[in-house]
A.B. asks: 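Dumping the structure here so I can ask a few things about it.
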Amino acid sequence: MTIDPAAFERYRNSPNHKTTLPRLLLGTLIVIVLWGATTVAVLLGGAYAFALLQASPGALLPSGGVMQGFLSSPIGILTALASFSGIWIGLWIAMRWLHGEPLSALFGAGRHVSGSGFLKGLVAVLITSLVSEILLYLLQPEIARGPISLSSWLLFLVPIVLLTLLQTSSEEMLFRGYLLRGLARRFRSPVIWALLPGLLFTSLHWSTGSSAAINACVLASIAAFALVLTLIVYATGNLGAALGAHLGNNLTGFLIISHQESYNSFALLNAKPLEGPGWTTSDAVLIACIGIACSLLTIILLLHPRSPLKVTAELADRPGGA
């Protein structure tokens, strides 16, 4: 299973002369500031509205406080996902005003998202997520029906899919697009352009509520998944398949079966939360092995020559606008 680097070489060489390291760092700072400002604005506004509702006669105050109650509520989760719009805004500003390029330049050298790659990435990860959940069930068969009714689930289905796409696409645009492309333009070594964005992406998933062993296993699984996403971009020179794969991964957790107590409002099924007690070190090792094995399976599904889901490299020039 060999990978032709031609498509990625076109992608890494597509930035103009304004993609310098200082501009890349400044652009990243702009994204972080706008992401943080958007997060604070939407969360404070949402929490204020939630507090007003809780202050109404007969309403029960959440045991963990207003903010915690808001974040764990369905509207709180939707609001938290909406906060990722700040990344898109920051990237648009950075690309336009710092680099003099359209935002679409991050999609690929042809400045478009591969539709077939997106669908293949989505289907591949939905398959491997099913495999992962079966293996996790064999490890810990503690699964309960979620609190959401089927009618409510169907009502929220489209909003949660769209907002999850907003979240996952913003992360891909930042970590596998803006940072990876910019660093690959300046540095030849994948230790820099692949490893650094991957480490930043992985570190964001540290959970203060989980044990050290569970955090280690989760971060190992996420690092493996980040490597898969990077490898897909390397093989295709386009973000399409990575966008679909990331969306499939997060939709499984948000809508089908949740392993996080704070994000289970929309899931049909709730598994034993990873941030909860009762997990052993051996459990953590097995969870990490399951995550890494499913990431390897995703690579096979998307890159093996005989796989029906094999993604293709973007080679033809297809210039587009912003």
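Numbers here are sequence positions counted from 1. Note that this is a predicted model, so its numbers are computed, not measured.
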A.B. asks: Under 6.0 Å between ring centres, would you say that holds for H205 and F225?
C.D. replies: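 Not close enough - the centres of the two rings lie 6.0 Å or further apart.
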A.B. asks: With a 3.5 Å distance limit and no angle check, can you tell me whether S132 reaches the backbone of T128 through a side-chain donor-acceptor pair?
C.D. replies: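 Checked: no pair found.
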A.B. asks: What do you reckon, are the aromatic ring centroids of F84 and W35 less than 6.0 Å apart?
C.D. replies: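 Yes: the rings meet the under 6.0 Å criterion.
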A.B. asks: Give a yes or no answer on whether the side chain of S307 reaches the backbone of L301 with a donor-acceptor pair at less than 3.5 Å.
C.D. replies: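 Answer holds: yes.
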A.B. asks: Going by an N to O cut-off under 4.0 Å, is there a salt bridge joining E172 and R181?
C.D. replies: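 A salt bridge is absent here (no side-chain N lies under 4.0 Å from a carboxylate O).
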A.B. asks: Measuring only between side-chain heavy atoms, which start at C-beta, is W92 closer than 4.5 Å to W97?
C.D. replies: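 Yes - at least one pair of side-chain heavy atoms lies under 4.5 Å apart.
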A.B. asks: So, does N16 use its side chain to make a donor-acceptor pair with the main chain of H99 at under 3.5 Å?
C.D. replies: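 Confirmed, N16 side chain pairs with H99 backbone.
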A.B. asks: Let's go through F266 and L157 carefully: what are the C-alpha distance in whole Å and the side-chain angles of both, what is the deciding distance for side chain to side chain contact (heavy atoms under 4.5 Å, CB included) to 0.1 Å, and is it a yes or a no?
C.D. replies: CA-CA 9 Å; F266 296 104; L157 181 60; over 6 Å; no
A.B. asks: Using modelled atom types and a 3.5 Å cut-off, is there a donor and acceptor pairing between side-chain atoms of Y137 and backbone atoms of E142?
C.D. replies: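 A pair under 3.5 Å: no.
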A.B. asks: Same cluster or not: are L255 and I75 linked, directly or through other Ile, Leu, Val, Met, Phe, Trp or Tyr residues, by side-chain heavy atoms under 4.5 angstrom apart?
C.D. replies: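 They do share one cluster, since a chain of ILVMFWY contacts under 4.5 Å joins L255 to I75.
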A.B. asks: Starting at CD1 of I214, measure out to NE2 of H259 and round the result to the nearest 0.5 Å.
C.D. replies: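 The CD1 atom of I214 sits 11.5 Å away from the NE2 atom of H259.
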A.B. asks: Take F201 and H246 through the ring pair (Phe, Tyr, Trp, His ring centres under 6.0 Å) test and state the conclusion after the steps.
C.D. replies: CA-CA 12 Å; F201 173 77; H246 199 162; 5.6 Å; yes
A.B. asks: Verify side-chain hydrogen bond (donor to acceptor under 3.5 Å, both in side chains) between N250 and Q167, making sure each step is shown before the conclusion.
C.D. replies: CA-CA 9 Å; N250 285 27; Q167 178 230 343; 3.1 Å; yes
A.B. asks: Is N270 reaching over with its side chain to a backbone N or O of S258, donor-acceptor style, under 3.5 angstrom?
C.D. replies: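 Not at all, since once roles are kept as given, no pair shorter than 3.5 Å links the two residues.
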A.B. asks: Rounded to the nearest 0.5 Å, what separation is found between the OG1 atom of T230 and the CG atom of L195?
C.D. replies: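 If I round to the nearest 0.5 Å, the distance is 9.5 Å.
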A.B. asks: If I take atom CD1 from residue I30 and atom CG from residue L25, how far apart are they, to the nearest 0.5 angstrom?
C.D. replies: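 If we round to the nearest 0.5 Å, I30:CD1 and L25:CG are 11.5 Å apart.
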A.B. asks: Okay, side chain of T202, backbone of L199: is any donor-acceptor separation there less than 3.5 Å?
C.D. replies: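 Not confirmed, T202 side chain does not pair with L199 backbone.
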A.B. asks: Atom CG of L78 and atom OG of S265: how far apart are they, to the nearest 0.5 Å?
C.D. replies: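 One finds 9.0 Å between CG of L78 and OG of S265.
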A.B. asks: Where is the tightest heavy-atom contact between T236 and A7, given as atom of each residue plus distance?
C.D. replies: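 What the structure gives for the nearest pair is O-CB, 3.5 Å.
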A.B. asks: Can you tell me how far CG of L239 sits from OG of S104, rounded to the nearest 0.5 angstrom?
C.D. replies: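 S104 atom OG to L239 atom CG measures 11.5 Å (nearest 0.5 Å).
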A.B. asks: Is atom CD of E9 surrounded by more than 12 heavy atoms (other residues, nucleotides or ligands) closer than 6.0 Å?
C.D. replies: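 Yes.
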A.B. asks: Could you go through L274 and Q260, starting from their C-alpha distance and side-chain angles, then the distance that decides it, and tell me whether this counts as side chain to side chain contact (heavy atoms under 4.5 Å, CB included)?
C.D. replies: CA-CA 6 Å; L274 291 173; Q260 291 180 285; 5.6 Å; no
A.B. asks: With side chains defined as the heavy atoms from C-beta onward, is the minimum distance between L309 and I127 less than 4.5 Å?
C.D. replies: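 Yes, their side chains come closer than 4.5 Å.
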A.B. asks: Take I160 and L81, measure what side chain to side chain contact (heavy atoms under 4.5 Å, CB included) needs, and give me the verdict at the end.
C.D. replies: CA-CA 9 Å; I160 197 70; L81 291 174; 3.7 Å; yes
A.B. asks: Cluster question for you: counting only ILVMFWY and a side-chain heavy-atom cut-off of under 4.5 Å, with indirect links fine, are W153 and V158 together?
C.D. replies: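 No; tracing contacts between hydrophobic side chains, which count when under 4.5 Å, never links both residues.
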A.B. asks: Got a donor-acceptor contact below 3.5 angstrom from the D283 side chain to the T280 backbone?
C.D. replies: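 Yes; judged by distance alone, with no hydrogens or angles, the pair exists.
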A.B. asks: So does W193 get a backbone contact from the side chain of R186, meaning a donor-acceptor N/O pair under 3.5 Å?
C.D. replies: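 It does not hold such a pair.
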A.B. asks: Side-chain heavy atoms under 4.5 angstrom apart, residues restricted to Ile, Leu, Val, Met, Phe, Trp, Tyr: same cluster for F8 and L179?
C.D. replies: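 In one cluster with F8: L179, yes.
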A.B. asks: I need the minimum non-hydrogen distance between I192 and P197, along with the two atoms involved.
C.D. replies: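 Shortest heavy-atom contact: O-CD, 3.5 Å.
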A.B. asks: Provide the closest heavy-atom pair for N238 versus G240 in the form atom of the first, atom of the second, distance.
C.D. replies: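 It is OD1-N, 2.7 Å.
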A.B. asks: Are L227 and L297 co-members of a hydrophobic cluster defined by side-chain heavy atoms under 4.5 Å apart?
C.D. replies: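 In one cluster: no.
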A.B. asks: Find out whether K120 and L302 are in side-chain contact, i.e. whether some heavy atom of one side chain is under 4.5 Å from a heavy atom of the other.
C.D. replies: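 A side-chain contact exists here, since the closest heavy-atom pair is under 4.5 Å.
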A.B. asks: Linking I/L/V/M/F/W/Y whenever any side-chain heavy atoms sit under 4.5 Å apart, do L136 and I134 land together?
C.D. replies: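 Looking at the clustering, I134 is in a separate group from L136.
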A.B. asks: Of all heavy-atom pairs between T19 and P15, which one has the smallest distance, and what is that distance?
C.D. replies: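 So the two residues come closest at OG1-CB, 3.2 Å.
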A.B. asks: Would L303 and K310 count as a side chain to side chain contact (heavy atoms under 4.5 Å, CB included) here? Give the steps.
C.D. replies: CA-CA 5 Å; L303 296 181; K310 182 182 183 300; 5.8 Å; no
A.B. asks: Take atom OH in Y263; do more than 12 heavy atoms of anything else shown fall under 6.0 Å from it?
C.D. replies: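 No - once you tally the heavy atoms of other residues, nucleotides and ligands closer than 6.0 Å, there are 12 at most.
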A.B. asks: Counting distance only, does the side-chain N/O of R145 pair as donor-acceptor with the main-chain N or O of I148 below 3.5 Å?
C.D. replies: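 Yes, R145 side chain to I148 backbone: donor-acceptor pair under 3.5 Å.
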A.B. asks: Determine yes or no for a side-chain-to-main-chain donor-acceptor pair under 3.5 angstrom, with W206 supplying the side chain and L219 the backbone.
C.D. replies: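 Pair absent, no side-chain N/O of W206 close to backbone of L219.
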